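Here is the structure we will look at.
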2 protein chains.
Amino acid sequence: MTYCVGLLLDSGVVMLSDTRTNAGFDNIACFRKMFVFETPGERAMALLTAGNLAVTQTVVAKLRHEIAREDPARSIMLAPSMLQVAEIVGRTLNGVYVDTDSRMQRGEVSASATMLLGGQRLGGQLRLFLIYPEGNFIEATEDTPYLQIGEHKYGKPILDRVVRPSTSLEAGRKAVLISMDSTLRSNLSVGMPLDLVTIRRDEHRVATRERIEPGDPAFAAMSDAWSRALREGFANLP
Amino acid sequence: MTYCVGLLLDSGVVMLSDTRTNAGFDNIACFRKMFVFETPGERAMALLTAGNLAVTQTVVAKLRHEIAREDPARSIMLAPSMLQVAEIVGRTLNGVYVDTDSRMQRGEVSASATMLLGGQRLGGQLRLFLIYPEGNFIEATEDTPYLQIGEHKYGKPILDRVVRPSTSLEAGRKAVLISMDSTLRSNLSVGMPLDLVTIRRDEHRVATRERIEPGDPAFAAMSDAWSRALREGFANLP
């Protein structure tokens with residue numbers, strides 16, 4: 001399982017992923033699910049992946065292959081808009097998904113995968129997409145400024161309550177970490193370390209990029225403070 | 001969908017259910033999912049149901065039929081222990097499930113259903129069970145004093161943080177309502193009104209029983225206060 005979340009705020013995008021993968025309950029490993037693509041000053045994008053690891057790794061490898069080939073119609077580093085980047089990712093994802101899924105029917109294993117894509121290129125808008133295995137996608141808007149993939153339920157209530165487009169990048173960072181904290185507590189197949197990236201609007205470069213390791217003191221302090229706030233808020237209810 | 005939750009506390013059990021049922025997205029209705037069985041002073045029990053409505057209604061009808069027949073081996077009002085009550089409910093549920101499911105394969109509709117059973121009889125222990133369609137069951141313990149059926153994920157983080165066996169009945173009542181509130185906000189197929197029952201330990205009678213209607217001012221005030229507490233707690237995070 002996986003939990004990835006992205007926020008589209010007035011001030012920028014915030015994207016967070018865990019790193020745990022599992023093949024059954026007894027085979028757990030750590031794999032990066034966040035991939036950053038950046039030409040500082042021209043474009044900055046982050047791609048977060050959930051689902052079948054063979055599929056998502058192949059998609060990322062194919063995207064990189066096309067970047068190296070420098071074909072403007074296929075490279076996400078040359079595509080003239082975020083919409084076209086989403087289309088390239090969607091087409092690549094769907095191709096790998098269909099090809100893999102047809103060979104996996106026998107084992108009744110799903111080749112399904114989803115991705116979050118956030119970022120901006122020079123002259124374009126900052127955008128955040130959720131891309132489905134069929135290659136189609138939806139986009140975050142003012143009404144719903146966040147998108148999630150993977151184990152989304154435990155971490156959704158806090159996002160619904162505190163995330164607005166006007167939320168600052170720093171508050172957005174806290175919100176996704178609290179949302180992840182609720183998920184980590186409830187689902188063993190979501191696990192540390194975490195990867196977090198922020199991209200400020202109209203900067204076209206990654207603003208912050210961090211890996212939060214197990215036992216990270218700041219994350220532990222935030223998690224404890226949040227538990228305390230919940231318990232105190234609960235105790236003070238009418 | 002459905003959300004039902006039960007707490008096994010030192011002071012008693014608290015059980016809460018919603019009332020929404022749906023056959024597809026376009027056919028939503030309101031059905032009671034909480035059934036109280038009581039001989040005041042001798043035994044008090046509540047049964048909460050989730051899953052296929054035809055199955056759960058048939059199970060409750062069969063349980064009532066056996067109560068009327070007064071067969072000690074089959075009536076949950078005559079069974080000498082809560083364990084035996086759970087066994088009768090489990091056997092009945094499994095019988096209806098297997099019978100229905102075999103006829104529903106063609107339509108690819110699930111006949112699955114689960115139930116929460118909480119209560120106590122004179123001379124026995126207060127117990128809380130989660131009964132599966134296969135008729136087997138698990139029981140709440142000191143380590144995990146709550147059980148959930150249906151849409152359990154949205155409402156789990158708050159239970160993990162505030163419910164302990166030592167939690168008072170009144171605080172337990174607040175905890176299940178807050179847990180339900182998070183679920184109501186996130187899943188349209190869980191809906192008001194709510195049914196809530198409490199049974200104090202060693203009283204062998206229902207302590208409180210209430211239906212909370214849409215727009216209930218106390219529930220709305222609690223929900224607003226909780227949202228405010230979350231936002232304030234979030235704003236004050238380090």
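Sequence lines set the chain letters: A, B, ... in the order given, protein chains first and strands last, and positions in each chain run from 1. What you are looking at is a predicted structure, and each value in this text was computed from that prediction instead of being measured.
Counting heavy-atom pairs under 4.5 Å between each of B:A229, B:S227, B:G155 and chain A puts B:S227 at the top. Your options are A:M222, A:R228, A:K156, and the one with the most heavy-atom pairs under 4.5 Å with chain B is A:K156.
Interface with chain B: from residues 167-177 of chain A, residues A:A171, A:K174, A:A175 qualify, criterion being any non-hydrogen pair under 4.5 Å. Residues of residues 140-152 of chain A that come closer than 4.5 Å to chain B, counting heavy atoms only, are A:E151, A:H152, ordered by residue number. Annotation: residues 230-238 of chain B contacts chain A through B:L230, B:R231, B:G233, B:F234, B:A235, B:L237, B:P238 [non-hydrogen atoms, separation under 4.5 Å]. Inspection of non-hydrogen atoms places A:S182, A:R185, A:S186 of residues 182-190 of chain A under 4.5 Å from chain B.
Heavy-atom contacts from other residues, nucleotides or ligands closer than 6.0 Å to CZ of B:R200 number 12 or fewer. Annotation: B:E134, atom CD; neighbour count of heavy atoms from other residues, nucleotides and ligands within 6.0 Å is above 12.
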